[in-house]
Protein chains: 2
Amino acid sequence: MPAKRPPVPLSRERIIEAALHIADGQGLRRLTMRRLGDALQVEAMAIYHHLPRGKEALMDALAEHVTTVTVDPSGSATWQELARAWARAGRAALLEHPGVLALALTKPPQGTALIAVREQGEQLAASGLGDSTQAVRSLRAYVMGSVAVEIQRSGWAGPAGDGEEPGAPPLPGSRTESEQEAVAAFERGLEALLRGLAET
Amino acid sequence: MPAKRPPVPLSRERIIEAALHIADGQGLRRLTMRRLGDALQVEAMAIYHHLPRGKEALMDALAEHVTTVTVDPSGSATWQELARAWARAGRAALLEHPGVLALALTKPPQGTALIAVREQGEQLAASGLGDSTQAVRSLRAYVMGSVAVEIQRSGWAGPAGDGEEPGAPPLPGSRTESEQEAVAAFERGLEALLRGLAET
DNA sequence: ACCTGAACACCGTTCAAGT
DNA sequence: ACCTGAACACCGTTCAAGT
């Protein structure tokens, strides 16, 4: 018979990982302290030892996780290339965890996520972009909104928008789009915005 | 002494109105069937008679409400003016009810909201815009993302992003912005996007 | 047709207690 | 230091019952 599991100690990282798995798989509304405890083979109350502010702290941590990105500026010769890199990285991070998108779009950046936003501004300014504050804001808005549209179209939240259950068939009116169509739409809008930002 | 209230009959509209009030005032997480019943002077279970799918139906209705906008195309000579009108109307509608923004950005358009999106596409196509499908998508993304950024910066969800309690002081790092600054930022990004969309 | 009351299976969080 | 058990004040939803 298998020996009793040497209990892997709980940790912030393991908790967040399990929480993302539940949120992406069953929806945010089914992410429950008790269910999370089950997934971690632990009583729900044990979580409070690692996240003292409880579910509030968990939500903050999830938002921070999917919203923290880094870009190596040395790979980009122009501010346009740099902006593209940030936009693509941001989109990819958000798209990886559709279950917590609502948190990511709603909570102000915090901790590492806030640092990342500032870094983006500094890099763009250093790369020769004039009003980098305005540009960062428009770019962030476009990226967040694009992922929102994309998740909506994917039918992740159900075709009737049934709140939180993923996996249902897609939109009633319009077909599901392929990954390629989605990136194409994203890139075209991004290029339009970059062109517009370039003209003072 | 005041006579007993002649009970105003419950209705879908009154329910939605009360729900928006609670969500905007206390946050989505505190919007509860029981609290909603209290606000309407009725037992929570009475709501199910008007919204058979319960809380799920309520959430759908709220998303649809803040996401349904109309624009009179006769007021716009060019497709640019028309696009501006749609963008401003969309922003205003979302901004009016920060409490349900998470729903609006997450649920696919449905009912009147879906009709509105289609109408936007038809109007823009009719006004001489080439790839109106792409334009509508980019514009919607920009509008939704802009409002997300704006609500984040307003500190509506609390500075530490404390989940759902509004009314707390704003961001730790950056100042709160005035309404004028917010519209200025929105308009500048919008113009950039429109310029970019114009060049093929 | 419209609303209520009681009931059920869940929630988040506390607190004292165990190891 | 880390986790558990029991308890409390809530949830959403059902169902039979009232008017």
Side-chain angles (χ1 to χ4, degrees), chain A residues 4-19 22-23 25-63 99-100 102-103 107 157-158 160-165, chain B residues 4-19 22-23 25-63 99-100 102-103 107 157-158 160-165:
Chain A
K4 199 161 56 164
R5 287 258 163 274
V8 186
L10 217 46
S11 71
R12 232 184 104 93
E13 285 69 37
R14 284 190 58 224
I15 293 172
I16 292 175
E17 187 188 17
I22 294 174
Q26 329 193 31
L28 201 54
R29 262 195 35 223
R30 307 206 52 170
L31 172 56
T32 253
M33 296 304 271
R34 287 165 142 103
R35 238 187 290 264
L36 186 51
D38 281 357
L40 292 162
Q41 316 247 46
V42 110
E43 296 300 312
M45 302 76 197
I47 298 167
Y48 286 82
H49 210 267
H50 300 262
L51 292 167
R53 275 171 45 259
K55 198 167 191 188
E56 215 51 68
L58 179 62
M59 302 298 229
D60 287 352
L62 296 178
V100 297
L103 298 178
K107 290 190 182 272
D162 61 311
E164 300 290 354
E165 314 288 344
Chain B
K4 202 164 51 169
R5 286 258 164 276
V8 186
L10 218 45
S11 71
R12 230 184 105 94
E13 285 70 34
R14 285 190 58 226
I15 293 172
I16 292 175
E17 188 187 17
I22 294 174
Q26 330 194 30
L28 201 54
R29 262 196 35 223
R30 307 205 52 170
L31 173 55
T32 254
M33 296 304 270
R34 287 164 142 104
R35 238 187 290 264
L36 186 52
D38 281 358
L40 292 163
Q41 315 248 46
V42 110
E43 295 300 312
M45 303 75 197
I47 298 166
Y48 286 81
H49 211 267
H50 300 262
L51 293 167
R53 276 173 43 259
K55 198 168 190 186
E56 216 49 70
L58 178 62
M59 302 297 229
D60 287 353
L62 295 178
V100 297
L103 298 177
K107 290 189 181 277
D162 61 311
E164 300 291 353
E165 314 288 346

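Separating the CG atom of A:L40 from the P atom of D:dC2 is a distance of 15 Å, rounded to the nearest angstrom. Between the C1' atom of C:dC2 and the CD1 atom of B:I15 lies a distance of 12 Å, rounded to the nearest Å. D:dC3 atom P lies 8 Å from atom NE2 of A:H49, rounded to whole Å. Taking atom CD of residue B:Q41 and atom C1' of nucleotide C:dC2, one finds them 17 Å apart after rounding to whole Å. Here D:dT14 presents its P atom at 7 Å from OH of B:Y48, a figure rounded to the nearest Å. Computed from coordinates, the A:R12 CZ to D:dC2 P distance equals 14 Å when rounded to whole Å. Rounded to an integer number of Å, the gap from CG of A:L51 to P of C:dG12 is 13 Å. Between the P atom of D:dG12 and the CD1 atom of B:I47 lies a distance of 9 Å, rounded to the nearest Å.
Closest non-hydrogen pair, A:R30 versus A:R35, comes out as O-NE, 2.7 Å. Between B:I16 and B:A61, the shortest heavy-atom distance links the atoms CD1-CB, 3.7 Å. In terms of heavy-atom proximity, A:V100 sits nearest to A:A23 at CG1-CB, 3.8 Å. For A:M33 against A:G54, the heavy-atom pair with the smallest separation is CE-C, 4.2 Å. Considering all non-hydrogen atoms of both residues, B:H50 and B:R12 come closest at O-CG, 4.2 Å.
Taking CZ of A:R53 as the reference point, atom CG of A:D60 lies at 5.0 Å (rounded to 0.5 Å). To the nearest 0.5 Å, the span separating CG on A:L51 from CE on A:M59 amounts to 12.0 Å.
For B:R14, the side-chain contact (heavy atoms from CB on, under 4.5 Å) criterion is met by B:V8, B:L10, B:S11, B:L40, not counting sequence neighbours. In this view, B:A19 and B:L31, B:L36, B:L58, B:L62 satisfy the side-chain contact (heavy atoms from CB on, under 4.5 Å) rule, not counting sequence neighbours.
You'll find that the side chain of A:M33 is closest to C:dG12, out of D:dT13, C:dG12, C:dC3.
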Each nucleotide N or O in nucleotides 5-10 of chain D that has a protein N or O under 3.5 Å away: list the pair and distance.
none

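The strand DNA chain C forms stems, runs of 3 or more Watson-Crick or G-U wobble pairs with distances below 3.5 Å, at C:4-8 with D:12-16, C:12-16 with D:4-8.
When the side-chain nitrogen and oxygen atoms of B:H50 are compared with OP1 and OP2 of C:dC3, one or more of them lie within a distance under 4.0 Å.
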